[in-house]
Amino acid sequence: MTKSFSKKFFVVLACASLMIFAFSAVAMAADTIKIGVGGAHSGDLASYGLSGANGAEFVVQKVNAAGGILGKQVEIVMGDDQCKPELATNVATKMVSDGIKVVMGHICSGATKAALPIYTPANILCISPSATAVELTTSGDYPYFFRTIARDDAQSNLQYDFAKKLGFKKIAVIHDKDDYGKGLAELVKASIEKDPGMEVVLFEGITPGAMDYSAVVQKIKRSGAEAVVYGGYHPEASKLVMGMRKKKMDTVFISDDGVKDDTFIKVAGEYAEGVYATGPKDVSKNPLAIEATEWHKKTYNADPGAFFLNGVAATQALLNAIEAAGGTDDYKALIEALRTKEVETPLGSVKFDDHGDAVGVGFLMYQVKSGVYVEVK
């Protein structure tokens, strides 16, 4: 064997080895069932996105330990959108290019609405644990979208009924101009305006991320509002509540599941006391909820966040549909499975109606008492 031939031989052998390795990597990737997990995994609203992602992690770990699905292990592909629409489009585009066929997410309604026009033409199914904007399931624009949380019209009706039950006649309705917050606020406003015994004395949008909202707080004070109904998320809500209480205003503050989060209490501190917020039904006595919650406490040394159990349910529903459909490629079979095959979750037995809403899932009213949210009986 000549020296020249020897060099050529080893070059060819090395190239062949690399090709075998590459094909093996592809084969290994093909041997997993990939699910995308899109949401706010960093930034101000990370507590929401990570709670949903942790729910997915719990389900996938449990399923993989039992042998996986259809003879394959399940792999999570994360996508961080920080609850920002412009980042959500980037995440969705990356999911499509990576060949993802099912996504658990996104978290915020605005980000979800931005991602869906990218997922829909690619026949990608998306189940959100937390996006509540009504039009996501009622407009008919997103036929592959599902959710394990109730819509904003159920939430707004509860807020309106609660304010009426407490006897408030003058209501200030404030929102953060986001698809979620503004949409919810407009629904509450419409209900109040139909009631001859109630009045919207102020309807105002605020800019997320502002240092303080003293100007809006002053408007609320001048309006004579007995209660504020706020549509939006906890960073702005905490600033509003702190501003009101520091002005010695005892105006009742009623908000939504975007505020029903322990982070709101941590940021607002003593000023959070007495705040009301709607949130998913309490399922803490459900055996599956107990199991998932104990896993979270053991794994993260912390209580789960607001949408952990909804994330568990969404991931269970996805994997149940994948198993029934024999994989992720037949989106019609996946949709059929989601609508007809019930799956036992921490939220109860879940399947979806023709719009994509989970049947039997709803909201309750909570109040901060002694530094924790408790259900209002």
Side-chain angles (χ1 to χ4, degrees), residues 43-45 47-48 83 155-156 158-178 180-193 195 197-279 306 365-376:
D44 290 341
L45 301 178
S47 60
Y48 297 139
C83 271
Q155 192 165 198
S156 67
L158 177 57
Q159 292 170 337
Y160 158 71
D161 289 340
F162 185 72
K164 184 178 178 66
K165 183 179 179 180
L166 292 182
F168 298 130
K169 299 183 183 301
K170 296 182 177 182
I171 312 294
V173 181
I174 311 298
H175 62 85
D176 65 355
K177 303 179 184 178
D178 180 78
Y180 163 68
K182 185 179 180 182
L184 182 54
E186 287 176 338
L187 289 169
V188 175
K189 177 175 178 284
S191 295
I192 294 173
E193 289 177 339
D195 190 323
M198 301 176 74
E199 177 187 2
V200 177
V201 294
L202 177 66
F203 185 73
E204 187 87 7
I206 62 174
T207 301
M211 292 297 294
D212 71 79
Y213 299 106
S214 55
V216 177
V217 168
Q218 193 60 34
K219 286 184 179 181
I220 295 170
K221 188 173 184 178
R222 288 200 302 264
S223 73
E226 299 163 295
V228 170
V229 176
Y230 173 70
Y233 298 103
H234 67 76
E236 289 70 39
S238 60
K239 293 175 185 177
L240 280 170
V241 170
M242 292 168 71
M244 290 167 59
R245 300 302 179 243
K246 288 178 180 179
K247 291 285 186 181
K248 308 300 181 184
M249 295 168 58
D250 57 3
T251 312
V252 171
F253 196 89
I254 303 169
S255 195
D256 47 44
D257 63 321
V259 172
K260 203 248 167 204
D261 184 87
D262 288 343
T263 308
F264 166 75
I265 299 173
K266 291 175 184 176
V267 173
E270 63 181 296
Y271 302 110
E273 198 70 13
V275 165
Y276 295 98
T278 47
M365 185 65 71
Y366 298 85
Q367 186 182 28
V368 180
K369 289 186 176 181
S370 300
V372 295
Y373 274 112
V374 297
E375 181 185 339
V376 177

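Proximity of a side-chain donor or acceptor of Q155 to a complementary backbone N or O of D257 within less than 3.5 Å is detected.
Separation of atoms CD1 (I171) and CG (D195) is listed at 9.5 Å; rounding is to 0.5 Å. From I220, atom CD1 reaches atom CD1 of I174 across 4.5 Å, with rounding to the nearest 0.5 Å. Taken from SG in C83 to CG in L45, the straight-line distance is 5.0 Å, to the nearest 0.5 Å. The distance from the NZ atom of K170 to the CD atom of E199 is 6.5 Å, given to the nearest 0.5 Å.
Residues A277 and D256 approach most closely at CB-O, 3.6 Å, considering heavy atoms. Of all heavy-atom pairs between S255 and Q159, the closest is O-NE2, 2.7 Å. Y213 approaches T207 most closely through the heavy-atom pair OH-O, 2.7 Å. Annotation for V259 and F264: closest pair O-CB, 3.5 Å, computed over non-hydrogen atoms. Contact record, V188 with S156: CG2-CB, 3.6 Å, taken as the closest heavy-atom pair. Pairing each heavy atom of A306 with each of D261, the nearest pair is CB-OD1, 3.7 Å.
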Under 3.5 Å, which donor-acceptor pairs link side chains of residues 265-275 to any protein atom two or more places apart or in another chain?
from : atom 1 : to   : atom 2 : distance (Å)
E273 : OE1    : S370 : N      : 3.3
E273 : OE1    : G371 : N      : 3.2
E273 : OE2    : S370 : N      : 2.4

**OP:** Decide yes or no on side chain to side chain contact (heavy atoms under 4.5 Å, CB included) for V229 and F162, but give the supporting numbers first.
**Re:** CA-CA 11 Å; V229 176; F162 185 72; over 6 Å; no

Subject >> Worked check of side chain to side chain contact (heavy atoms under 4.5 Å, CB included) between K164 and S191 >> reply: CA-CA 11 Å; K164 184 178 178 66; S191 295; over 6 Å; no

Original post:
Does the pair Y230 and V241 meet the rule for a side chain to side chain contact (heavy atoms under 4.5 Å, CB included), with working shown?
Top reply: CA-CA 10 Å; Y230 173 70; V241 170; over 6 Å; no

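Identified under the salt bridge (Lys or Arg N to Asp or Glu O under 4.0 Å) test for residues 210-238, with sequence neighbours left out: E204-K219.
The only member of I206, V228, D176 that meets side chain to side chain contact (heavy atoms under 4.5 Å, CB included) when paired with L240 is I206. The ring pair (Phe, Tyr, Trp, His ring centres under 6.0 Å) with H175 is formed by just one residue from the set F203, Y233, Y180; it is F203. Applying the side chain to side chain contact (heavy atoms under 4.5 Å, CB included) test between M242 and each of R245, K246, M244, K239 identifies K246 as the sole match.
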